Structures are given as C-alpha cells and as structure tokens.
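Okay, so here's the structure we're looking at.
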Amino acid sequence: MRGPGLFCCCLTALLLLGGADDVEKEEEIAARDRNHIDNTLKLTEDKPKDDYSGALQKLRKIYQNAIRPLEMSYKYNELRQHEITDGEITSKPMVLFLGPWSVGKSTMINYLLGLDDTPYQLYTGAEPTTSEFTVLMHGPKMKTIEGIVMAADSSRSFSPLEKFGQNFLEKLIGIEIPHKLLERVSFVDTPGIIENRKQQERGYPFNEVCQWFIDRADLIFVVFDPTKLDVGLELEMLFRQLKGRESQIRIILNKADSFATQELMRVYGALFWSLAPLINVTEPPRVYVSSFWADDYHPDTHRELFLKEEISLLEDLNQVIENRLENKIAFIRQHAIRVRIHALLVDRYIHTYKDKMTFFSDGELVFKDIIEDPDKYFIFKSILAKTNVSKFDLPNKEAYKDFFGVNPITSFKLLSQQCSYMGGCLLDKIEKAITHELPDLLGSIGLGKKPGALNCDVTGCGEAPKNRYRKH
C-alpha cells in the first residue's frame, strides 16, 4: 500500500516542478524591441502635425458645389451604392485587416499600437475571437463607443452603415485611444472568415459590410496563417470584392518564425498556389513574411529577414499616411469622373427614348427594348465617340437594367435642362472640377512642383470637351 502512494506523491511533485519550469520559461520569453516601429512611423518626432484642414475644406466645397448636385440629380448613389459624406472627406486614412479566423489580425494590431497588457488590448486566442467590426481611432482618453452611437454621429464617416440594420450595428464597436499613430490613421479589425459557417448565420450582410469598408480603405492587409491556406467560398467571395483594388492589397504571411526554412519556402509556394486563381493581375500584390506579435522571434529563425520585412511593411504604412491628402483628392476626382460618365449615359438613354417615341408608341415597350439591347442604339459607343471617355471607365450595361427598373426614365431631365442663369450648367461645373479645380488643389499642397507635373495637356488628367448639351 505504501509503494503506490509514494509513487503518486513523487509523480505529483514532478508535475508541479515541470509546471514551474514551464512558467519560468514563459517568463523568460523576451518582448520584442519596438524602436523600429517608432522610428519608421516617425512617432518619436516632435514636429508639428501637418495642417490639412484648409485643403480638406476646399475639397469638401468642390465636392458639395460641383460634384454632388449632378450626383443627386441622376441618382448615382443608387447605381454604385457609394455615398460620400463630409465625415468621409475629412477622415483619416483607413487600414483594413481581413483574413481567416485566428491568423493574428488582432494580435498584429495590438503589436503595432503597443496594446499588449493594457486594458484595451484586443482579445486574442486560438479559437475564433473577433465577432465584431472593431474600429480603433484616436481620442483624448481610452473609451469604447457603441456602433449605434458611431452611426448616429454625422461628424464621423460611419453614418452610412445604418443601412445594414441594427443587427450589424450591435456588431460594430469603436475604441478611442490616445495613441500618436492613431492621430494619423485608423485601424479596422474584422471578424475572421469561417468557411463552414453560412453567411446568414451572422445575422447581417457580412459581404456587403466588407465591401463598404473595402471601398473606403486606403490600405488592405489580408493576413494568412501558414496552417490555414485553404481557400473556401467565403474567402473566394472576399477576393472578388477586392477586384480593382489590387494596388491597395498587401498579403501578410504571419507567424513565419514558427517554421524552419525549408517548410517556410513550401508554405510560401502553397500560398501563391492557393491565391493565383483569385488574383487575376499581371503584377501580384506585395507579400510580407514575418511574425507580428510582441514576443521576440523564435530562436534559430531568420530574424534579420523577418525584421526587414516588418520594416518594409511599416514603410508602406507610413507612405499611405504621408500621401493622405493626395489620395483623398485623387479618390474624389475618380468619383467625379464616374458621376460624369453616369450622367452622360442617362442623358443618352433619355435622348434615345425621346427619338424612338411616337404618338402611337407604348413608352414602356420602347424603353424596355432600349434597356435590353443598348448596343443596338449605340448608347455606350456614342458616349465614347463624343466625350473622350475611356471605355475602361464605362459601367456595366447590366447595372442599368436594375437602375432603370427602380428609377423610371421619365423621372430624369436632359443635361441641357440642368442649367440656370445664375448657377450655370451642372455638367460644366463637374468638368471644371475634374480638369482644373482638383488638379489645382493638388498643386497647392506642394505636390508636382516640377514643371509640367500637373499640366493636364501633357498628362491627360483632364480634357475639357466642348459641352454639346448647353443651350445656346
């Protein structure tokens, strides 16, 4: 009887000692040095913040006076589902984190902001942990803001999110932190993609919400774990939504120090093999290979390589921050070009409808024929021929079937009727914004001081076609 009892006591003691050794080993794991983060992102410099408030107010005025009237008159928002608010124009650059569950998105944000072991550390774990869209913003003190409050605040850029319903707003949360990096940029953490979960189970339109953030993000980090490289339906849908935004996508292969060199090379190849069918561009997005967490790199790994990759990513992030205003002006100008093309197309549909209508015609049947086969009436080709619009900027013809299904053709006026004695023509205003006002604003902030850098005659940044729709 005595032998087994003594054996159990010894075994218990050994287990306790082993547990103590594990605790000591965990305590011995050193935290990674963060000086390269502060230096690369220039967080230690005491230089005054760039004051862009004047330029942003000018940009807001150009949008309100020259672009928005035509946008509202031809209901462009119902075609593109992209409403620009004052808060969006004046907002900081947005960095969006996407990817499968438990790949280290929240851990990476904690590391970049130094939130580890603080009350506002984002919760992390091996299981799916982030079920909300979490927006990290700058504020005078640490506080949490509910999604319903964020959507109700018109000074922020999140008011359009109300259209996704109350179930989504309950899954939206804002965190204000007095951090120097957040004075210049905002981070958005997203729920991880879980391939075996149906979208309906989330209780809100997950893909549509992702699209809203994708459309407004200045930089998109798609994070992968070396052990989660499989591509399912939800991830495939996500990359479809990213189409056209390839210049803003950065692929991150996280937790790279968990593998030996040979295994890491195989994982890197497998990642490209999985993503190749989803990214149909000649030049693939930049891929960063490192481990983004507060703990030091594992021993016997490529520490120098991982550190260089991390610094490259931080330089990429800093470049987006530095080019904040330039990117905002370019975005508004691109939006103005799309609004102008939309207005020209609607005007051409109206002209074609009026030309084909006779006293005995059935207006509904006439317009249905035009909508079903616009090429028969050269609607899109006539726009290309007369206004110097690029064919690559034309919207999808199918989109106008849905657009006119909701908005009757008779509810719109011709462009020639969108003029007033005091206010001028709406088309003239938006063309002036595209060709002169926005490029001039870009030049006023110190960009393109070299001779001819902003010369639209050289760069083609703004042809000024004759307005054929003005009444003479």
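Nothing here was measured: the structure is a model prediction, and the numbers come from that model.
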(request) Determine, for D86 against R60, whether the closest basic-nitrogen to carboxylate-oxygen distance falls under 4.0 angstrom. (result) yes

(request) To the nearest 0.5 Å, tell me how far L41 CG sits from R34 CZ. (result) 9.5 Å

(request) Please examine the side chains of E208 and W212, heavy atoms only from C-beta on, and report whether any two atoms are closer than 4.5 Å. (result) no

(message) Is the ring pair Y400/H342 parallel, tilted or perpendicular, if the boundaries are 30 and 60 degrees?
(response) parallel

(message) For M72, I'd like to know if atom CE has over 12 heavy atoms of other residues, nucleotides or ligands within 6.0 Å.
(response) no

(request) Grab the two heavy atoms, one from I67 and one from A336, that are nearest each other, plus how far apart they are. (result) CD1-CB, 3.6 Å

(message) Tell me the closest heavy-atom pair linking P395 and F380, and the distance in Å.
(response) O-CE2, 3.7 Å

(request) Give a yes or no on whether the backbone of I62 and the side-chain of E437 come within a donor-acceptor separation of less than 3.5 Å. (result) no

(request) State, yes or no, whether a side-chain contact exists between L56 and R324 at a heavy-atom distance under 4.5 Å. (result) yes

(message) Strictly below 4.0 Å, N to O, side chains only: are R340 and E431 in salt-bridge contact?
(response) yes

(request) Return the orientation label for the F133 and F213 ring planes: parallel under 30°, perpendicular over 60°, tilted otherwise. (result) parallel

(request) Answer yes or no: is there a donor N or O on one side and an acceptor on the other, between the side chain of N254 and the main chain of V103, under 3.5 Å? (result) yes

(message) I'd like to know if D393 and R338 make a salt bridge, using a cut-off of under 4.0 Å between side-chain N and carboxylate O.
(response) no

(message) With side-chain contact (heavy atoms from CB on, under 4.5 Å) as the criterion, how do Q248 and D218 come out once you've worked through the C-alpha distance, each side chain's angles and the decisive distance to 0.1 Å?
(response) CA-CA 6 Å; Q248 284 137 320; D218 296 85; 5.6 Å; no

(request) Indicate yes or no for a side-chain donor-acceptor contact from E309 to the backbone of V289 under 3.5 Å, with no hydrogens or angles considered. (result) yes

(message) Heavy-atom count check: over 12 atoms from other residues, nucleotides or ligands less than 6.0 Å from Q64 CD?
(response) yes

(message) To the closest 0.5 Å, what do you measure between CD1 (I409) and CD1 (I370)?
(response) 7.5 Å

(request) Look at the side chain of H179 and the backbone N and O of L113, then say whether any donor-acceptor pair between them is shorter than 3.5 Å. (result) yes

(message) Let me confirm one number: the OG-CE distance from S159 to M150, rounded to the nearest 0.5 Å.
(response) 10.5 Å

(request) May I ask you to test the I214-I220 pair for a side-chain heavy-atom distance under 4.5 Å? (result) yes

(request) Before accepting this row, confirm whether a basic side-chain N of the pair E176/R156 lies closer than 4.0 Å to the acidic partner's carboxylate O. (result) yes

(message) Are the side chains of Y288 and I251 in contact, using a 4.5 Å heavy-atom criterion?
(response) no

(request) Go through M94 and V188 one step at a time and tell me if the side-chain contact (heavy atoms from CB on, under 4.5 Å) criterion holds. (result) CA-CA 7 Å; M94 179 190 294; V188 179; 3.7 Å; yes

(request) Any pair with a residue in residues 358-372 that passes salt bridge (Lys or Arg N to Asp or Glu O under 4.0 Å), sequence neighbours left out, goes on the list, sorted by first then second residue, please. (result) D369-K376, E372-K401

(message) If I compare all heavy atoms of Y349 with all of P374, which pair ends up nearest, and what's the gap?
(response) OH-CB, 3.7 Å

(message) Whether the Q211 and D215 side chains hold a donor-acceptor pair (N or O, under 3.5 Å, no angle test) is what I'd like checked.
(response) yes

What pairs of donor and acceptor atoms, side-chain ones from residues 272-279 against any protein atom, are under 3.5 angstrom apart with sequence neighbours left out?
unit_1, atom_1, unit_2, atom_2, d
S274, OG, L229, O, 3.2
S274, OG, A270, O, 3.0

(message) To the nearest 0.5 Å, what is the distance between CG on N323 and NZ on K328?
(response) 13.0 Å

(request) State whether the side chain of T44 and the backbone N or O of N39 hold a donor-acceptor pair below 3.5 Å, judged by distance alone. (result) no

(message) I'd like to check I337 versus V389 (side-chain heavy atoms, cut-off strictly below 4.5 Å). Are they in contact?
(response) no

(request) Could you tell me whether the side chain of E78 reaches within less than 4.5 Å of the side chain of K75, counting heavy atoms only? (result) yes

(request) Identify the two heavy atoms, one from G423 and one from S420, that lie closest to each other, and give their separation to 0.1 Å. (result) N-OG, 2.9 Å

(request) Please answer whether the main-chain N or O of G104 pairs with a side-chain N or O of T107 as donor and acceptor at a distance below 3.5 Å. (result) no

(request) Please test K171 against S131 for side-chain contact (heavy atoms from CB on, under 4.5 Å), starting from the C-alpha separation and ending with a verdict. (result) CA-CA 7 Å; K171 294 294 184 180; S131 60; 4.0 Å; yes

(message) Can you see whether F378 has R348 sitting over its ring - NZ or CZ less than 6.0 Å from the centre and within 45° of the normal?
(response) no

(message) Can a donor-acceptor pair be found, under 3.5 Å and without considering hydrogens, that links the side chain of Q417 to the backbone of L414?
(response) yes

(request) Please name the pair of heavy atoms, one in S411 and one in P408, separated by the smallest distance, quoted to 0.1 Å. (result) OG-O, 2.6 Å

(message) Counting C-beta onward and ignoring hydrogens, is there a side-chain heavy-atom pair between Y111 and E310 closer than 4.5 Å?
(response) yes

(message) Test your reading of the model: is there a side-chain donor-acceptor pair from S91 to the backbone of E88, 3.5 Å cut-off?
(response) yes

(request) Please confirm whether Y204 and F164 have ring centers closer than 6.0 angstrom. (result) no

(message) Quick check for you: to the nearest 0.5 Å, what is the distance between L79 atom CG and I341 atom CD1?
(response) 11.5 Å

(request) Measure from the side-chain N and O atoms of T40 to the backbone N and O of H36, and report whether any donor-acceptor pair falls under 3.5 Å. (result) yes

(message) For a quick test of reading the model, state the closest non-hydrogen atom pair linking G363 to Y353 and the distance between them.
(response) O-CE1, 3.5 Å

(message) Within this structure, what is the SG-CG distance for the pair C210 and L238, rounded to the nearest 0.5 Å?
(response) 6.0 Å

(message) Check this for me: does any side-chain nitrogen of one of E183 and K92 sit under 4.0 Å from a carboxylate oxygen of the other?
(response) no

(request) Starting from the C-alpha separation in whole Å, work towards a yes-or-no answer on side-chain contact (heavy atoms from CB on, under 4.5 Å) for S73 and K413. (result) CA-CA 8 Å; S73 180; K413 295 181 181 179; 6.0 Å; no

(message) I want to check something: taking the side chain as every heavy atom from C-beta on, are D375 and K397 in contact at a cut-off of under 4.5 Å?
(response) yes

(message) For the backbone of V149 and the side chain of D153, can you confirm whether one donor and one acceptor N or O come within less than 3.5 Å of each other?
(response) no

